[in-house]
Student: 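Sharing a structure here in structure tokens format.
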Amino acid sequence: MKFDVPTAATHCQFTAVLLAGVLFSVSVAGQTPDEHASHHPAPAPAAGIPAATPATGGTMPGPAATGGAGMMDDMMRQMGAPPRKELYPSLMEVEAFTPDKRQQFERLARERMKSGTALMSSGLEKLSAPSSEQDLPAMREATALMRQGVVQFDTGISSLQAISEGKPPRAVALDWFKQNMSLLPSADMQRPHGIFGLSGFHYFTMFLLLAFAATMIWINLKKMQRAQALAARLTPQPGAVLPERTLTPAAQSIPPSLLPEDAPSKSNAWTGLLRVVQIFEESPNVVTLRLTDPSGGSLPFRHLPGQFVTFTVKPNDQMVKRSYTIASSPTRRDYVEVTVKREEHGTVSGFLHSVRVGDTLQTTGPSGNFTFVGDGANSIVLISGGVGITPMMSVVRYLTDRSWPSDIFFIFGCRGEKDVIYREELEYLQRRHPNLHLAITAIDVASADWPYARGNITKELLSQAVPHIEIRRVHLCGPKPMMDALKPVLIELGVPLEQIKTEIFIGKERPATPPTLAEGVTGSEQSQPTTTPVEGAETAGVAVATFARSKRTALFPPSKTLLEVSEDVGVNIDYSCRVGTCGVCKVKLLSGSVTMEVQDSLDAADKENNIILACQAKTRGDVSVDA
């Protein structure tokens, strides 16, 4: 059956019609033939209208069939048939309206309207009677009569309108049935709203969606334009000269978000004077020097946490270089701090302990690859001993300044309670930053109030202080005996060797000694290589070092490095850290072979080209170098 407007309400109405039919069929099927006959005696067929059959049904339930069935009986008597057949089944049996049939059904519809009017009048009279004012049942009966009259009048009008519009009988019957069952949609539901039957809310919602889609398309177009413009700027133009990279190899892998404000300076890219502005006493034999640019403003170089600077000083009328790790954070741009322990017989450390506020120091830097800025690891373990704490302190200060969210495990070992460098600051940072875990141990402790561990850094201490240490990155710095003892312990705990980063701390300075020159000749006056014996050295079985460019030779004992031998004979090989990390003392090995304990600053290309570190190179055979 086809509806004019296929709306959701129409589908609901059709479903209700089917449900009513099913319920009626079930109720009829549940009665015996005798019971059904007692309620509905079979009428005689009317002239021109077939009798009711089980297929067409009898009196339909609904408002007009309860208390208002007499009206339909009157309509059927006008047609000469017993009043037991409703309008709905009669119309369903008529295929098409003939003029006579049309007049008959129009007359029935008008009679239904009159019957409805009579019912409404009767109900109104009963309701307005004086006796009904206190008679609630009478008032309810009057109201029911008026309601039935309205329904009959309304269905009569609807049937008459449908017949006058030329609808087929069955369509008129369906309209009448839906009116009786209160299934007809309201005029507002049947009337389409606007273009395509949509309401103003639909138009407003579609407008918002279209506006959102247009905005997203515009944003994506702008992003594509910016990306294309950036790609065009980064693409080298024909004949263009690209600038040299200024990042050190260690800094090239640093994410931009973790770098200081600008990229770190190239290794040893700056040399100049820095002024001592403050001196802090960390322990009885350790001081921190705070240095600034004498001209004011920010530092003339940028560094990474863990790098060092080299001081060139002249104690005892002799120029000496020594390197010290920067202990301050790169985030502090107005100053740099170095922490110096005074070593017994230490020439440079003794000199630095004697400087005063206002003095200047010739400084070169920055340098070093023992750095960490938070990339490449989801946690960090910093293990140090003695003044080896300085690079670790720079890392801790930097990470806490940048609010690095991952775990930081700080393990420090020292001699006694008074030797805990930066103790107050470390405890303060631990209180401020829950991700900083502090573990300190001291060998000689007499105080009963000592809150930390006692003794050396052991396997048990590491296991207790650092859970799952095998999955973490470890930085290790301190005296060589401590590092030699802890490396196997870390490997035994499951830490992969490639996850252990080390830097040797030279605890004892070598006293500065004047270079021994070849007797009677200096510098360029030598035309032939000259061998200079070292005082006290056994010449038998000792190797010889040849400095080809300087045309000098010297005895090369197994206990000395190539740098120390070069200083003995006055060959100038530049250096900075003397621990194999800065790479300043690189020279080319022309012949022979050497061993190097540390070669962190040598890359694969250096090793392929026989580049060695003079400060680390030792040998038991003759060697020749380009120096």
Side-chain angles (χ1 to χ4, degrees), residues 236 241-254 263-269 304 306-308 310 321 323 364-372 375-376 473 475-477 480 483 487 491 496-504 506 529 543-554 556-558 560-567 569 571-627:
V241 179
L242 296 178
E244 293 185 1
R245 294 293 300 272
T246 58
L247 291 178
T248 64
Q252 291 177 3
S253 62
I254 299 170
S265 301
K266 188 177 179 181
S267 180
N268 289 325
L304 293 173
Q307 288 189 305
F308 57 84
T310 301
K321 294 182 180 181
S323 299
T364 300
S367 190
N369 298 323
F370 189 64
T371 61
F372 182 74
D375 64 323
R473 176 167 170 169
H475 280 214
L476 178 61
C477 182
K480 191 173 183 302
M483 297 178 61
K487 259 190 177 180
I491 294 173
L497 188 59
E498 62 272 13
Q499 285 293 98
I500 304 174
K501 312 299 179 183
T502 61
E503 184 169 75
I504 297 176
I506 305 298
V544 174
T546 301
F547 301 96
R549 197 174 346 122
S550 302
K551 297 182 180 180
R552 291 179 179 241
T553 60
F556 196 167
K560 286 194 172 185
T561 65
L562 182 64
L563 179 61
E564 292 170 334
V565 173
S566 70
E567 291 173 336
V569 296
V571 174
N572 183 26
I573 296 179
D574 202 7
Y575 68 93
S576 179
C577 70
R578 301 184 76 98
V579 294
T581 59
C582 69
V584 175
C585 63
K586 291 179 181 180
V587 294
K588 184 177 181 62
L589 180 66
L590 301 176
S591 63
S593 62
V594 298
T595 60
M596 293 178 288
E597 185 174 358
V598 179
Q599 45 186 319
D600 295 342
S601 57
L602 294 179
D603 55 26
D606 291 332
K607 296 175 183 179
E608 199 173 310
N609 292 318
N610 292 327
I611 302 298
I612 63 173
L613 299 174
C615 71
Q616 296 294 304
K618 293 183 178 182
T619 187
R620 291 185 178 275
D622 295 344
V623 296
S624 175
V625 295
D626 183 18

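Throughout, numbering of the chain's residues begins at 1 and tracks the sequence.
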Student: Can you list the residues that meet the ring pair (Phe, Tyr, Trp, His ring centres under 6.0 Å) rule with F370, with sequence neighbours excluded?
Tutor: H475

Student: Please check this pair: side chain of R552 against backbone of V569, looking for a donor-acceptor N/O pair closer than 3.5 Å.
Tutor: yes

Student: Where is the tightest heavy-atom contact between L476 and M483, given as atom of each residue plus distance?
Tutor: O-CE, 3.7 Å

Student: Which salt bridge (Lys or Arg N to Asp or Glu O under 4.0 Å) pairs, counting each pair once, include a residue from residues 602-616, with sequence neighbours left out?
Tutor: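 Only K586-D606 qualify under salt bridge (Lys or Arg N to Asp or Glu O under 4.0 Å).
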
Student: So do F372 and R473 actually touch side chain to side chain, heavy atoms under 4.5 Å?
Tutor: yes

Student: For V571, does its backbone N or O pair with a side-chain atom of S550 as donor and acceptor, under 3.5 Å?
Tutor: no

Student: To the closest 0.5 Å, what do you measure between NZ (K501) and SG (C477)?
Tutor: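 Those atoms lie 15.0 Å apart.
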
Student: Quick check: closest heavy atoms across C615 and C585, and the distance to 0.1 Å?
Tutor: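 Minimum heavy-atom contact is N-SG, 3.4 Å.
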
Student: Listed by chain and number, what are the side-chain hydrogen bond (donor to acceptor under 3.5 Å, both in side chains) partners of S367, not counting sequence neighbours?
Tutor: S267

Student: Any idea which heavy atoms bring V565 and K560 closest together, and the distance?
Tutor: CG2-CB, 4.1 Å

Student: What I'd like to find out is whether the side chain of I611 reaches to under 4.5 Å of the side chain of L602, using heavy atoms alone.
Tutor: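 They are in side-chain contact.
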
Student: Say you draw a straight line from CG of L562 to NZ of K618; how long is it, rounded to the nearest 0.5 Å?
Tutor: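 It is 12.0 Å, given to the nearest 0.5 Å.
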
Student: Taking Q616 for the side chain and V598 for the main chain, is one N or O donor matched with an acceptor at less than 3.5 Å?
Tutor: yes

Student: Could you report the tightest heavy-atom contact between A543 and G621, atom names first, then the distance?
Tutor: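 In terms of heavy atoms, the two residues are closest at CB-O, 3.1 Å.
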
Student: Would the distance check show the side chain of T619 and the main-chain N or O of S593 forming a donor-acceptor pair, the cut-off being under 3.5 Å?
Tutor: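 Yes, because the side chain of T619 sits within donor-acceptor range (under 3.5 Å) of the backbone of S593.
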
Student: Are any side-chain N or O atoms of K588 and backbone N or O atoms of N609, one a donor and one an acceptor, separated by less than 3.5 Å?
Tutor: yes

Student: When you measure from the side chain of E564 to the backbone of T561, do you find a donor-acceptor pair of N or O atoms at a distance under 3.5 Å?
Tutor: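 Side chain of E564 to backbone of T561: a pair is present.
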
Student: Considering only heavy atoms from C-beta outward, does the side chain of I612 approach that of V623 to under 4.5 Å?
Tutor: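 Side-chain contact under 4.5 Å: no.
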
Student: Which heavy atom in A545 sits nearest to a heavy atom in F556, and how many Å separate them?
Tutor: CB-CD1, 3.7 Å

Student: Which pair of heavy atoms, one from I573 and one from A614, lies closest together, and at what distance?
Tutor: CG2-CB, 4.0 Å

Student: Taking Q499 for the side chain and P496 for the main chain, is one N or O donor matched with an acceptor at less than 3.5 Å?
Tutor: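 No; zero donor-acceptor contacts below 3.5 Å.
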
Student: Please list, chain by chain and in numerical order, all residues satisfying side-chain hydrogen bond (donor to acceptor under 3.5 Å, both in side chains) with T364, sequence neighbours excluded.
Tutor: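 With sequence neighbours excluded, T364 shows a side-chain hydrogen bond (donor to acceptor under 3.5 Å, both in side chains) to T271, given in chain and number order.
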
Student: Who passes side-chain hydrogen bond (donor to acceptor under 3.5 Å, both in side chains) against D626, sequence neighbours left out?
Tutor: R549

Student: Do the side chains of K480 and E597 get close enough for a salt bridge, i.e. N-O under 4.0 angstrom?
Tutor: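 Result for this pair is yes, salt bridge flagged.
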
Student: Taking salt bridge (Lys or Arg N to Asp or Glu O under 4.0 Å) as the test, write out the residues that go with K321, two or more places apart.
Tutor: D574

Student: Do R578 and L563 come close enough that some side-chain heavy atom pair is under 4.5 Å?
Tutor: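 A side-chain contact under 4.5 Å exists here.
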
Student: Side chain to side chain contact (heavy atoms under 4.5 Å, CB included) with S624: which residues, sequence neighbours excluded?
Tutor: T546, A548, L590, S591

Student: Decide side chain to side chain contact (heavy atoms under 4.5 Å, CB included) for S323 and F308; before the verdict, give the C-alpha distance in whole Å, the side-chain angles of both, and the deciding distance to 0.1 Å.
Tutor: CA-CA 6 Å; S323 299; F308 57 84; 3.6 Å; yes

